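Report on one structure; see the data block that follows.
All values reported here derive from a predicted model rather than from experimental measurement.
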Amino acid sequence: MAHCPEELHYLIEQQVWARIADGGVATIGITSLGIALAGDIYMCRPKRAGSLVKQGDSIAVVELAKSIVAVRSPVTGEVIEVNPLLEEQPELVHRQPYGDGWLVRMRLTDWEHDQQHLLHGQAVLPAMRHHAWLHRLEF
């Protein structure tokens with residue numbers, strides 16, 4: 001579970017990540033710690049393309065064994081693509097959280113503001129360990 005790719009930007013409190021690409025596009029997903037805290041995902045319903053989302057707003061809804069949870073966005077922007085694999089294979093979110101289990105791609109509209117609230121690089125692992133400790137998980 002201690003895998004946190006350093007090139008990603010993390011909103012630790014919400015356990016989501018953003019992979020920033022050239023052209024101001026971000027791929028969004030849930031962290032491996034977020035998956036461990038939530039449990040198996042049986043259904044994932046991301047916002048539709050064209051949706052405008054602010055940092056911290058719901059970007060998707062996931063159905064777990066005993067609850068339905070809103071996934072919060074690490075960035076502000078417009079949803080431009082939804083992961084087409086999730087409709088048939090929602091388990092990709094927890095099997096490949098940093099790969100094929102991504103949720104949406106967004107065109108960033110306030111990156112300068114958003115990045116002030118995100119962790120990146122070597123600061124991520126200690127913050128993840130602390131978050132896991134708060135929830136009594138080993139990380």
(message) So, taking the atom named CG in Leu33 and the one named CZ in Arg129, what distance separates them when rounded to the nearest 0.5 Å?
(response) 11.5 Å
(message) Is any side-chain heavy atom of Met106 closer than 4.5 Å to one of Ile28?
(response) yes
(request) May I ask you to test the Asn83-Pro46 pair for a side-chain heavy-atom distance under 4.5 Å? (result) no
(request) Find out if a path of hydrophobic residues (ILVMFWY) with successive side-chain heavy-atom gaps under 4.5 Å connects Val16 to Leu103. (result) yes
(request) Could you tell me the separation between the CD1 atom of Ile68 and the CZ atom of Arg45, rounded to the nearest 0.5 Å? (result) 6.5 Å
(request) Locate the shortest heavy-atom distance separating Ala26 from Ile20; write the atom from each residue and the value. (result) CB-CD1, 3.7 Å
(message) Nearest 0.5 angstrom please: Tyr98 OH to Thr27 OG1, how far?
(response) 14.0 Å
(request) Say whether Leu92 and Ile35 are linked into one hydrophobic cluster, either directly or through other cluster members, by side-chain heavy-atom distances under 4.5 angstrom. (result) yes
(message) So for atom CD, which belongs to Glu7, do other residues, nucleotides or ligands contribute more than 12 heavy atoms lying within a distance under 6.0 Å?
(response) yes
(message) With clusters defined by side-chain heavy atoms of hydrophobic residues (ILVMFWY) lying less than 4.5 Å apart, directly or transitively, does Trp17 cluster with Val53?
(response) no
(message) To check you understand the geometry: which heavy-atom pair defines the closest contact between Cys44 and Leu86, and what is its length?
(response) SG-CD1, 3.9 Å
(message) Please find the pair of heavy atoms, one from Ala123 and one from Pro126, that lie closest to each other, and give the distance.
(response) O-CD, 3.6 Å
(message) Measuring from atom CG of Leu119 to atom CD of Glu13, what distance do you get when rounded to the nearest 0.5 angstrom?
(response) 7.5 Å
(request) Calculate, to the nearest 0.5 Å, the distance between atoms NZ and CG belonging to Lys47 and Asp57 respectively. (result) 7.5 Å
(message) Do Leu85 and Ile30 sit in one hydrophobic cluster, given that two such residues count as connected whenever their side-chain heavy atoms are within less than 4.5 Å of each other, even indirectly?
(response) yes
(message) According to a hydrophobic-cluster definition based on side-chain heavy atoms being under 4.5 Å apart (Ile, Leu, Val, Met, Phe, Trp, Tyr only), do Leu37 and Tyr10 belong together?
(response) yes
(request) Give a yes or no on this: more than 12 heavy atoms of other residues, nucleotides or ligands lie within 6.0 Å of atom CZ of Arg19. (result) yes
(message) Could you work out, with side chain to side chain contact (heavy atoms under 4.5 Å, CB included) as the rule, every residue matching Gln115, not counting sequence neighbours?
(response) Trp111
(message) Testing the basics here: between Ser67 and Val69, what is the closest heavy-atom pair and its distance to 0.1 Å?
(response) OG-CG2, 3.7 Å
(message) On a heavy-atom basis, which atom in Leu125 and which in Cys4 lie closest, and how many Å separate them?
(response) CD1-SG, 4.4 Å
(request) Ignoring hydrogens and angles, tell me if any N or O in the side chain of Gln15 forms a donor-acceptor pair with the backbone of Ile12 under 3.5 Å. (result) yes
(message) Would you compute the distance between atom CG of Leu52 and atom CZ of Arg107 and round it to the nearest 0.5 angstrom?
(response) 12.5 Å
(request) With sequence neighbours excluded, tell me which residues meet ring-ring contact (aromatic ring centres under 6.0 Å, His included) with His131. (result) His135
Pairs under 3.5 angstrom only: tabulate donor-acceptor contacts from the side chains of residues 72-81 to other protein residues two or more places apart or in another chain.
| from | atom 1 | to | atom 2 | distance (Å) |
| --- | --- | --- | --- | --- |
| Ser73 | OG | Val75 | N | 3.2 |
| Ser73 | OG | Val75 | O | 2.6 |
| Thr76 | OG1 | Gln55 | N | 2.9 |
| Thr76 | OG1 | Asp114 | OD1 | 3.1 |
| Thr76 | OG1 | Asp114 | OD2 | 3.3 |
| Glu81 | OE1 | Arg105 | NH1 | 3.1 |

(request) Would you mind reporting whether Val62 and Tyr42 have side-chain heavy atoms less than 4.5 Å apart? (result) no
(message) Tell me whether Glu91 at atom CD has more than 12 heavy atoms from other residues, nucleotides or ligands lying less than 6.0 Å away.
(response) yes
